[in-house]
Protein chains: 2
Amino acid sequence: MAAGEESRERILEAAEELLRRFGPEKFRIVDVAQALGMSHGNIYRYFSDKEAILDKIAQRWLAKITGPLQEIVSGRTATAATRLEEWVLALMRLKRRKATADPELFRTYQAIAEASRDVVAEHIRHLIAQLAEIIRNGTEAGEWNVRSPTKAAEAILNATTFFHHPAFVSRPGPQPTEANALDTLKLLIAGLKSGVV
Amino acid sequence: MAAGEESRERILEAAEELLRRFGPEKFRIVDVAQALGMSHGNIYRYFSDKEAILDKIAQRWLAKITGPLQEIVSGRTATAATRLEEWVLALMRLKRRKATADPELFRTYQAIAEASRDVVAEHIRHLIAQLAEIIRNGTEAGEWNVRSPTKAAEAILNATTFFHHPAFVSRPGPQPTEANALDTLKLLIAGLKSGVV
DNA sequence: CAAATGACAAAAATTGACAATTGTCATCAG
DNA sequence: CTGATGACAATTGTCAATTTTTGTCATTTG
């Protein structure tokens with residue numbers, strides 16, 4: 001392990017623990033230091049500031065989304081259409097499950113992710129890349145007729161935002177159903193055949 | 001004018017003026033009363049509470065969106081596909097223009113609308129009804145093949161949320177372009193031909 | 001009698017003094 | 001020389017006291 005990497009790791013773990021326990025607004029650098037039995041000044045040897053710690057935690061959280069989705073991208077057993085549907089539904093379910101199981105914690109991660117704009121942008125690029133791969137597969141298999149898989153992937157991610165974006169998933173009140181998502185997906189998938197993108 | 005309607009109207013006008021000037025968090029019933037030279041207790045003869053005033057203002061604001069869109073719905077000159085595209089783009093532009101022209105004021109209206117959940121729900125039903133009409137026209141004209149125009153309308157409104165929802169329109173940072181919206185719309189419109197909904 | 005007042009209790013917002021937190025850095029320990 | 005400390009100024013958060021605002025209602029006005 002590279003020099004200092006272990007300390008970085010310990011700090012992140014302690015930080016995440018405190019974040020889960022007390023939420024983002026009561027998250028204190030001094031408390032992280034105390035939990036580790038070190039002076040708070042020392043934390044700054046490993047992270048430039050509080051934000052850098054939160055960025056890293058947000059990054060790890062988002063990786064727990066793209067991880068499971070990658071299996072759907074790589075699992076080449078089903079048709080591309082089925083995988084695309086499954087990918088979107090899985091994204092929707094992953095977010096929903098976390099939001100329902102522990103709304104407090106979900107809002108915590110949502111808040112820190114929202115503050116880490118670059119981290120989120122990278123996450124979105126990753127999601128688009130995954131979707132683009134499924135679309136490319138479908139085109140190569142003759143299932144669809146798509147000139148620009150990346151453009152199509154962006155269009156589909158944008159079009160399904162309502163179903164999986166944390167801002168909507170954590171909204172109070174009635175949520176859209178999977179059936180709603182499938183209606184939208186059916187239209188989009190039919191569109192992929194037609195060569196418009 | 002029905003009894004008391006004039007007073008209601010004057011109160012709403014004064015309230016909106018204060019709201020525009022000082023924003024939603026500094027909006028005070030007592031100030032509305034003072035602006036009209038009446039005691040604040042008298043306001044409650046016309047509105048059950050502060051929320052009722054804000055609901056009404058939100059309702060009027062949202063009506064300024066559906067109004068212009070209705071012209072696209074009713075103007076039967078172009079093809080349904082063109083009108084559907086124009087309708088979504090118009091919705092996007094209306095929101096964007098307001099958000100860009102005066103971000104502060106946009107956030108004010110957004111905040112009060114967000115608090116008036118029933119008013120927003122009604123607005124969304126209205127939008128769906130407008131879209132459904134365009135879709136019904138397209139189906140009757142043989143342009144598309146849609147069994148349930150309302151379902152299709154919902155699916156399309158959901159799919160374009162990212163482009164016109166106030167929460168996204170008022171987000172800092174880069175906004176999706178009209179070209180992005182058109183990519184999504186092309187897929188959706190192609191889907192309408194295929195009879196999947 | 002419809003329209004308006006103003007006094008009132010309860011709730012909510014504001015203030016300001018005080019405490020805690022952040023981030024830096026000169027210094028220390030091994 | 002790397003890792004850690006603790007004292008420090010500046011910023012940010014807390015909380016109880018105080019003020020303002022809300023919503024009601026018995027009473028007044030024209």
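Residue numbering restarts at 1 for every chain, and letters A, B, ... go by the order of the sequence lines. On a predicted model such as this, the values are computed, not experimentally measured, just so you know.
In this structure, the side chains of A:Phe106 and A:Val169 come closer than 4.5 Å at one or more pairs of heavy atoms. Looking only at side-chain heavy atoms (C-beta outward), A:His164 and A:Leu157 come within less than 4.5 Å of each other.
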Treat primed atoms plus P, OP1 and OP2 as sugar-phosphate and everything else as base, then score nucleotides 25-30 of chain C 5' to 3': B for base contact with protein heavy atoms under 4.0 Å, S for sugar-phosphate contact only, - for none.
-> ------
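For the 3.5 Å distance criterion, the side chains of A:Glu9 and A:Tyr46 fail to qualify, holding no donor opposite an acceptor. Of the N and O atoms on the side chains of A:Asn158 and B:Thr184, not one donor lies less than 3.5 Å from an acceptor on the other residue. Remark: the B:Arg60 side chain and the B:Tyr109 side chain contain no N/O donor-acceptor pair separated by less than 3.5 Å. B:Gln110 and B:Ser170 form a side-chain donor-acceptor contact under 3.5 Å, judged by distance and modelled atom types alone.
Counting to the nearest Å, the P atom of C:dG23 and the CD1 atom of A:Ile29 are 6 Å from each other.
Of the candidate nucleotides C:dG6, C:dA3, C:dT22, C:dT22 has the atom nearest to the side chain of A:Lys50. Across C:dT5, C:dA3, D:dA4, the shortest atom-to-atom separation from the side chain of B:Tyr46 is found for C:dA3.
The stretch residues 175-196 of chain B participates, sequence neighbours left out, in these salt bridge (charged side-chain N to carboxylate O under 4.0 Å, His left out) pairs: B:Arg93-B:Glu178.
Between the side chain of B:His40 and the base of C:dG6, no donor-acceptor pair under 3.5 Å is found.
Applying the 4.0 Å criterion to OP1 and OP2 of C:dG23, one finds that A:Tyr44 has a side-chain N or O inside that range.
Looking at residues 16-28 of chain A, you'll see A:Phe27, A:Arg28 sit with a heavy atom under 4.0 Å from some atom of DNA chain C.
The pair A:Glu17-A:Arg21 meets the salt-bridge criterion, since a charged nitrogen lies less than 4.0 angstrom from a carboxylate oxygen.
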